[in-house]
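Keep in mind the model is a prediction, meaning the values are calculated, not measured.
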Amino acid sequence: MKFAVRKKWLMVAIVICGAANVCLTGLAGEPFEDSVESTVYKFERSLYTDKEKNPDNEAERIRRTREFFAELNDAPRKIAAIGMMDSRYVYVVPPSLIPELLGKLLRDDDLTVRTRAVRAVAYNRLSGKFVDELLVLLEQPDFEIKKSVLHSMGRPGDERFLPAIRKHLSHADPSVRVAAVFALATWTPVEQVGDDVTALLKDPVPEVRTAAVQALVRFGLSPYAAQLVPMLNDESSLVRQRAIESLATLGTQATEAIARRLNDESSSVRAAAALGLANLQAEAFMADVAKLMHDDDVVVRRYAVKAFALFKAPAYRVKLESMLDDPDDYVQREALEALAALGDKSSAPKVARKLAHENLLVRQSAAFAMRSVGDATYSQQVLRLLDDEDVTLKIHALQALRIFGDKSVLPRIRMAAESDPSESVRDFARYVIEGLEG
């Protein structure tokens, strides 16, 4: 049974790819039967059909695939065919043949074909097999080609690429320097490239410094993590924001330095500081974070309220309830989720009022919160949500009703189990009925 289902969805995926190609070629005005995509799609589908009928005949599929690629005589068809190796939900090209095919494409006369092949090399983690070809392509003057090649070089961590990557850390174009930094971000051992990356923290371009900050996060809690703290004072708000997020991700205890950014002139930095302190569970600064709930910037208010869903501090329950009156719907949603995390029944009356909010997303968050703050007193209010058209809202309502344990709602839930338009709602209603009757 499982195999049959899997087979069905594999075929659907290939048909979807074909349908997408029909739409694209239709827009271009070229008949699908004569299009570049048609050539690839027809072969791909035939290969899939053969694999289903003759799963053990791998040798024949290799022969056919090798022959198909050999007969491709123009760049557009070659580029479309490369997609069979790196941009599908279902892959039918025999894996053992991919290195051979990409090796030839990397040496193609057309530069666009070679460049497209680089992406497939990176996807299949085959850079180590094509060192010479990639090094040659890296010398192309085109910046986009350089970035694609650098991306592929970083994935295997092959020392043969290291001199070339280091050379491009000082390239005149900032976007190339960024690509070189990210090529080193997953390198192991980190000690081999740590100094190269930290040197870019002083790059004159903010985007490059930001890339260096993000690369240091990928190094984990290495000795280089300490280099992130000074970046909290960077002149660029983007760099400061990324430094906060990085320090919080690493779980470092640079809480005092992050807390100073709660008063940053940049709203994005203030928001990042609020959430970063919550992620670090820096309870000593909760009062400072709470002040941002009244910030003039709506995004800062959202993140300040969101922080208390992580702090889970009962002392701020009343404060969070007051945020349900904020003019911004998303602030209200964050407040509802923070109150849900607290699970204090005292919040139920104010949360219940949001069940009738005009914004669907607020109603969803209120229904979700009722699971932890509500009880059978609110059964009828929650039950009315089953008349809504939104499936997610109805599922949240049913979950709350099951937790309430109020059997008086069973007749309406049985109606949902029998006649709701959504199969998901019908199934979940039956599950709730079992729970209430059991």
[X] and [Y] ion-paired at < 4.0 Å:
{"X": "Arg402", "Y": "Glu434", "result": "no"}
{"X": "Asp297", "Y": "Arg270", "result": "no"}
{"X": "Lys345", "Y": "Asp375", "result": "no"}
{"X": "Lys167", "Y": "Glu139", "result": "yes"}
{"X": "Asp387", "Y": "Arg412", "result": "yes"}

Validation row: Ser267, Val299 side chains within 4.5 angstrom (heavy atoms):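 Not in contact.
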
Do Leu135 and Phe161 have side chains that get closer than 4.5 Å, going by heavy atoms?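 SC-SC contact between Leu135 and Phe161 confirmed.
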
To the nearest 0.5 Å, tell me how far [X] [atom1] sits from [Y] [atom2].
{"X": "Glu207", "Y": "Leu238", "atom1": "CD", "atom2": "CG", "answer": "7.0 Å"}
{"X": "His151", "Y": "Lys147", "atom1": "NE2", "atom2": "NZ", "answer": "12.5 Å"}
{"X": "Thr49", "Y": "Arg45", "atom1": "OG1", "atom2": "CZ", "answer": "6.5 Å"}
{"X": "Leu228", "Y": "Leu247", "atom1": "CG", "atom2": "CG", "answer": "5.0 Å"}
{"X": "Asp142", "Y": "Leu137", "atom1": "CG", "atom2": "CG", "answer": "10.5 Å"}
{"X": "Leu150", "Y": "Ile145", "atom1": "CG", "atom2": "CD1", "answer": "12.0 Å"}

[X]: partners by side chain to side chain contact (heavy atoms under 4.5 Å, CB included), with sequence neighbours left out:
{"X": "Asp326", "result": "Arg301, Met323, Asp328, Val331"}
{"X": "Ala225", "result": "Leu250"}
{"X": "Pro174", "result": "Arg177, Val205, Val208"}
{"X": "Gln214", "result": "Phe182, Thr210, Arg242"}

Give me each pair satisfying ring pair (Phe, Tyr, Trp, His ring centres under 6.0 Å) with a member in residues 411-438, each pair once, sequence neighbours excluded.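 Counting only pairs at least two positions apart or across chains, the ring pair (Phe, Tyr, Trp, His ring centres under 6.0 Å) contacts touching residues 411-438 are Phe428-Tyr431.
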
Which pairs with one or both residues in residues 245-280 pass ring pair (Phe, Tyr, Trp, His ring centres under 6.0 Å), sequence neighbours excluded?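 As it turns out, there is no ring pair (Phe, Tyr, Trp, His ring centres under 6.0 Å) pair with a partner in residues 245-280 once direct neighbours are skipped.
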
For residues 361-369, run the donor-acceptor check on the side chains, cut-off 3.5 Å, and write out each pair with its distance to 0.1 Å, sequence neighbours left out.
residue, atom, partner, partner atom, Å
Arg363, NH1, His357, O, 2.9
Arg363, NH1, Glu358, O, 3.3
Arg363, NH2, Asp388, OD2, 3.0
Gln364, NE2, Asp390, OD2, 2.7
Ser365, OG, Arg333, NE, 3.1
Ser365, OG, Leu361, O, 3.2

Strictly by modelled atom types, are Lys354 and Gln332 linked by a side-chain donor-acceptor pair under 3.5 Å?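 A pair is found: one side chain offers a donor N or O, the other an acceptor, under 3.5 Å apart.
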
Does one side chain, of His294 or Lys319, offer a donor that lies under 3.5 Å from an acceptor on the other?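 Yes, side-chain donor-acceptor contact under 3.5 Å.
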
Holding to salt bridge (charged side-chain N to carboxylate O under 4.0 Å, His left out), I want the full list of residues that pass it with Asp196, two or more places apart in sequence or in another chain.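 Once residues adjacent in sequence are excluded, the partners of Asp196 under the salt bridge (charged side-chain N to carboxylate O under 4.0 Å, His left out) criterion are Arg166.
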
Residue list, salt bridge (charged side-chain N to carboxylate O under 4.0 Å, His left out) with Arg317, at least two apart or on another chain: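 Arg317 satisfies salt bridge (charged side-chain N to carboxylate O under 4.0 Å, His left out) with Glu321, Asp344 only.
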
Could I get the full list of ring-ring contact (aromatic ring centres under 6.0 Å, His included) partners for Tyr316, not counting sequence neighbours?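 With sequence neighbours excluded, Tyr316 shows a ring-ring contact (aromatic ring centres under 6.0 Å, His included) to Phe308, given in chain and number order.
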
I need the minimum non-hydrogen distance between Leu169 and Leu200, along with the two atoms involved.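 Scanning both residues, the minimum pair turns out to be O-CD1, 3.9 Å.
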
Return a table of donor-acceptor pairs under 3.5 angstrom between the side chains of residues 272-279 and protein atoms on other chains or two or more places apart.
residue, atom, partner, partner atom, Å
Asn279, ND2, Leu275, O, 3.2

Residue pairs, two or more places apart or on separate chains, that pass salt bridge (charged side-chain N to carboxylate O under 4.0 Å, His left out) and touch residues 249-264: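 Those involving residues 249-264 are Arg240-Asp264, Arg261-Asp264.
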
